Amino acid sequence: MDAKATSVAIVGGGFAGVACAKRLAGQPGIQVELFDSAGYHQFQPLLYQVATAELTFEDIRFDLARLFHGKGAVRVRKADVTAIDPDAMTVSVDGGETVSADYIVLAAGARPNFFHTPGADEYAYPLYSVEDARHVRGRIVQLFEDVSAKPELADEGALTFVVVGGGPTGVETAGALSELVRDVMPHVYPDVPPGAAQVILVDLGHHLLSGFSPEAGDYAANQLHRRGVKLQLGVPVKEVGAESVTLGDGTVIPTRLVVWGGGEQAAAIAGAAGLAQGRGGRIDVEPDLTVPGHPKIFAVGDVANIPFGDEVLPQLGSVAQQAGHWAGDNILLLEEGKPARPFHYRDKGIMAMIGRKAAVAEMGAHRHEIHGRVAFAAWLGVHAELLGNIGAELKAFVAWAEEFYVRPHHRTAALLEPSRIDMPRIDWEQKG
């Protein structure tokens, strides 16, 4: 970094990191280094759409260097941050390099939380990255190919898909997966016995979408039932094996694919930053998003517990994006000799899409609840805004939305053609 400029090291190229870098880009006397191990921004709210072949990988993956090309003194570093020294104000990256900075912004995101469930880390498929989505999609195709060649495998659970988690990730994944296996795959794999595939959603809670109203959870349950999803609620996952899932009540479900949406925790760097961790391994922050005792270190997005009254804000893309922008604002205020301001979140509500033309949304501070097509439209609007705010091209998203709503399953079937599956077959035994 330029010794004459104020240096800012941002760790993570997700919603929060990109928003902070965009806020600081082009500001006089500010030089930013943005570290990300993948080198691209991945639009996480739509990962399940990639996993179920509604979108291509390129539709939700945006090269960070291209996003910031010509936008001021932002240098994108494709590197894995391995440690942070909060006292020395340094960031260490793979290869041994140590980078000093005047400000550090931790925006490294989250990773799956398996809650010490035996076998989950080895056999379950998380859905937190583009690579995760590639693996899930490839596994689905592989299993249908296997059953197409040997139909008797269906009786052994080869086409029984288990989704763990009753939150938005699990509900959205289960709905999309059910529509895929019921409405699309029979046309792609006509040799597979009709009705051989089924989707089962498992969750410890007794109601879906626990962060929503009970009515919203009931609506989601009814919509999933209409799509053929079997619900196993009020029971934990006891163990995940290579060919089965065992539940807490002793039920054994034969399966070759377990998609894990059962919780998340802060990225590993949160534990290597020498900072106190709170719930979910996340870093507790002050109202102005700084880390207690470190007024020039900010933690934002899914790596942070951001206070909101007596609670903390949820791990949402809109929270992360607004917090990242706010951290950039506060850095500029501190550089002007002014105090940092407490973060004020503009609540856009919470929402989940259960399937085509079916969604649930609770909007605004008073949580006005809407269902169905109106909620679907709200869902589209919020996600289009999130994409636009990172500077992404919206053409692919708009085209997908039109196909998704007007021409159901046309695009999905095309994306499942063998020539479009751009990943090698997964060997289940090797994965374990």
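Count residues from 1 along the sequence. Just so it is clear, the model here is predicted, and its values are computed rather than measured.
- With no hydrogens or angles considered, a side-chain donor-acceptor pair links E362 and S213 at under 3.5 Å.
- Side chains of Y128 and T169: a donor-acceptor N/O pair is absent below 3.5 angstrom, by distance only.
- In terms of modelled atom types and a separation under 3.5 Å, the side chain of Q265 and the main chain of P112 share a donor-acceptor contact.
- Taking both residues in full, the closest heavy atoms of S148 and Y189 are given as CB-CD2, 4.1 Å, listed atom of the first, atom of the second, then distance.
- Here the CE-CG distance, from M185 to L143, works out to 9.0 Å after rounding to the nearest 0.5 Å.
- T117 places a side-chain N or O within 3.5 Å of a backbone atom of F114 that can act as its donor or acceptor partner.
- E264 has no carboxylate O lying under 4.0 Å from a charged side-chain N of R111, or vice versa, which leaves the two without a salt bridge.
- Classification of R282 and D302 as a salt-bridged pair fails, no side-chain N sitting under 4.0 Å from a carboxylate O.
- Relative to the ring axis of F57, R137 places its NZ or CZ within 45° and under 6.0 Å from the centre.
- Taking the ring pair (Phe, Tyr, Trp, His ring centres under 6.0 Å) definition, one finds that Y103 meets it with nothing, sequence neighbours left out.
- At distances below 3.5 Å, at least one donor-acceptor pair connects side-chain atoms of Q322 with backbone N or O atoms of R346.
- Heavy atoms of other residues, nucleotides or ligands lying less than 6.0 angstrom from CD of E152 number more than 12.
- Annotation: the span from E172 atom CD to Q49 atom CD amounts to 8.0 Å, rounded to 0.5 Å.
- Annotation: ring pair (Phe, Tyr, Trp, His ring centres under 6.0 Å) contacts of H294 (sequence neighbours excluded): none.
- Summarising the geometry of F212 relative to I350, their closest heavy-atom pair is CE2-O, 3.6 Å, with the distance given to 0.1 Å.
- For the side chain to side chain contact (heavy atoms under 4.5 Å, CB included) with N330, the lone residue among V105, T290, D288 that qualifies is D288.
- Between the side chain of D59 and the backbone N or O of T56 there is at least one donor-acceptor pair closer than 3.5 Å.
- Residues E369 and H371 have side chains that bring a donor and an acceptor to within less than 3.5 angstrom of each other.
- Between W260 and Y125, the gap from one ring centroid to the other reaches at least 6.0 Å.
- In this view, R77 and E33, E97 satisfy the salt bridge (Lys or Arg N to Asp or Glu O under 4.0 Å) rule, not counting sequence neighbours.
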